Amino acid sequence: MTALANQHKAINLSQGFPDFDGPDWLKDAARQAVIDGPNQYAPSHGLPVLRQAIADTTRRLYGLDYDVDTEITVYSGGTEAIFSTLTGLLDPGDEVILLEPFYDSYPACVAMAGAVARYVPLRWPNFEFDQIELAAAFNARTKVLVLNTPNNPSGKVFSRSEMEVIAELVRRHDVYVMTDEVYEHITFDGAQHVPFATLPGMRERTITVSSTAKTFSMTGWKIGYTLGPPALSKAARSAHQFVTFCTSTPLQVAMAEAIRRLEEYKPVLDAEYRERRDVLLNVLQEVGFEVRPPRGTYFVLADFRRFGFEDDVAFCKYLTTEVGVAAIPPSAFYFHKEEGRHLVRFAFCKNVATLRAAGERLQTLRARAAAAG
Ligand code: PMP
């Protein structure tokens with residue numbers, strides 16, 4: 001979509017990274033860290049100063065205690081954390097439960113581990129799972145369930161009661177959970193992010209993946225991490241050692257400062273994302289998309305059938321080439337493609353001016369809705 005967007009000079013709301021940078025004080029911290037060093041390899045599982053900052057902030061925010069040496073691991077982004085965790089935990093033939101729509105790295109990592117994915121849909125418009133369908137996905141070979149909350153691409157934030165259903169099933173079937181919480185700090189309308197590991201009995205069977213990429217708008221720094229009990233962390237570390245070994249040393253120093261200052265910085269993040277979300281959401285509703293306001297992440301899924309289209313790829317091509325706004329066809333996030341065929345994903349991690357300019361272009365869709373009746 002980005003190639004097509006460039007060709008047609010479309011405003012790109014497809015890719016999920018900000019068109020702005022994180023705070024200047026964080027850039028200053030990185031500059032200073034490069035000057036002062038260390039600039040050589042970090043310890044494989046992360047610099048102590050960063051792991052300590054993660055441990056302290058996790059305890060302050062969620063009341064969860066993780067051991068700095070054996071339970072916290074730094075990776076080259078959430079992406080590598082996901083790969084190393086799944087590779088470390090899975091053996092060929094194991095089964096993994098994925099809720100769809102999913103972040104597209106999960107099925108790829110499951111395949112690379114030689115394991116088999118079972119898909120359970122979260123259905124439009126509320127992205128709830130059917131408890132019977134979920135229960136039926138478990139069997140004797142199930143080793144891991146992957147949860148992503150707040151959820152890319154749906155914007156769903158799982159409720160505590162939904163997580164309790166999942167917790168009961170993973171307990172009954174003795175399954176591990178990899179929970180991807182990289183959007184934990186981007187929520188709206190008072191939605192409460194509940195870390196899955198805070199549910200009774202879940203800390204011991206859960207690896208939590210998080211990342212500094214979205215929280216601090218520095219996706220290119222690639223600093224992610226996991227929290228998890230020693231045996232699970234050790235399995236993931238054994239993959240990590242031979243994937244990247246470690247991640248950028250001075251940027252870890254700078255991110256340690258960012259994580260320490262999270263609560264001071266968070267109100268700015270909240271206010272800016274609320275405005276960005278509302279600008280895009282209002283336009284989408286105004287021109288005739290059917291949307292469910294996202295409760296978390298910086299994505300929104302919208303139903304485009306009002307404009308007379310049935311297929312997401314065809315609609316996204318039209319949107320890019322004729323309207324001048326690029327978005328993602330979300331069937332890429334589904335195994336059962338038909339579940340997402342009537343939807344389009346917009347990213348609102350963009351400057352308000354970019355979103356307003358996209359909004360102006362989207363106005364041309366009104367005529368299309370009128371023509372389609
Ligand atoms: N998980 C989800 C759900 C994501 O959307 C992303 C980034 N698009 C990642 C993980 C990867 O995070 P990172 O950029 O830290 O590799």
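Note that the structure is a prediction, hence the values are computed from the model and not measured. Below, each value reflects all heavy atoms present in this structure, side chains not excepted, and no hydrogens, waters or symmetry copies. Just follow the structure's listing: the first ligand is 1, and inside any ligand the first atom is 1.
Relative to the six-membered ring of Phe315, Arg305 misses at least one condition, a distance below 6.0 Å or an angle of at most 45° to the axis. Relative to the six-membered ring of Phe17, Lys214 misses at least one condition, a distance below 6.0 Å or an angle of at most 45° to the axis. At least one cation-pi condition fails for Arg345 and Phe333: the charged atom is not both under 6.0 angstrom from the six-membered ring centre and inside a 45 degree cone around its axis. Cation-pi geometry between Arg276 and Phe20 is met: the NZ or CZ atom falls under 6.0 Å from the ring centre, inside 45° of the normal.
When only interatomic distances are considered, the shortest N/O to N/O separation between Asn152 and ligand 1 falls below 3.5 Å.
Shortest contact from atom 13 (P) of ligand 1 to any protein heavy atom: Gly78 N, 3.3 Å. Scanning the protein for heavy atoms near atom 1 (N) of ligand 1, the closest one is Asp180 OD2, 2.6 Å.
For ligand 1, the atoms lying closer than 4.0 Å to a non-hydrogen atom of Tyr183 are 3 (C), 4 (C), 5 (O), 8 (N). For ligand 1, the atoms closer than 4.0 angstrom to any heavy atom of Ala213 are 14 (O), 15 (O). The distance from ligand 1 to the heavy atoms of Ser211 drops below 4.0 Å at these ligand atoms: 13 (P), 15 (O). Heavy-atom contacts of Val182 reach the following atoms of ligand 1: 1 (N), 2 (C), 4 (C), 10 (C) (cutoff under 4.0 Å). In summary, the atoms of ligand 1 found under 4.0 Å from a heavy atom of Gly77, numbered by their order in the structure, are 15 (O), 16 (O).
Distances from ligand 1 to the non-hydrogen atoms of Phe17 include no value under 4.0 Å. Ligand 1 lies out of reach of Thr219, whose nearest heavy atom is not under 4.0 Å from it. Judged by the shortest distance from any of its heavy atoms, Lys214 lies inside the 4.0 Å radius around the atoms of ligand 1.
In this model, a donor atom of one side chain and an acceptor atom of the other lie less than 3.5 Å apart for Asp36 and Gln32.
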Exercise for the section: Step by step, work out the ring pair (Phe, Tyr, Trp, His ring centres under 6.0 Å) result for Tyr298 and Tyr273. Expected result: CA-CA 8 Å; Tyr298 46 54; Tyr273 267 116; 5.8 Å; yes
Problem - Chi angles and distances behind the ring pair (Phe, Tyr, Trp, His ring centres under 6.0 Å) call for Tyr265, Phe216 - result: CA-CA 9 Å; Tyr265 157 78; Phe216 297 103; 5.1 Å; yes
Exercise for the section: Determine, step by step, whether Tyr119 and Tyr334 satisfy the ring pair (Phe, Tyr, Trp, His ring centres under 6.0 Å) criterion, reporting the C-alpha distance in whole Å, the side-chain angles of both residues, the deciding distance to 0.1 Å, and the verdict. Expected result: CA-CA 9 Å; Tyr119 299 91; Tyr334 286 90; over 10 Å; no
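Only the side chain of Lys222 comes within 4.0 Å of ligand 1, counting heavy atoms alone; its backbone N, CA, C and O stay farther away. Proximity of Ile82 to ligand 1, defined as any heavy-atom pair under 4.0 Å, is confined to the side chain (atoms from C-beta onward). Contact annotation: for Thr79 versus ligand 1, heavy atoms closer than 4.0 Å belong to both the backbone and the side chain. Residue contacts with ligand 1 for Asn151 are absent, since no atom lies close enough (heavy atoms, distance under 4.0 Å).
In this comparison of Phe333, Tyr298, Phe299, Tyr103, the heavy atom closest to atom 10 (C) of ligand 1 sits on Tyr103.
By the 30° and 60° cut-offs, the orientation of the rings of Phe304 relative to Phe309 is perpendicular.
The local environment of CZ in Phe102 is crowded, with over 12 non-hydrogen atoms from other residues, nucleotides or ligands closer than 6.0 Å.
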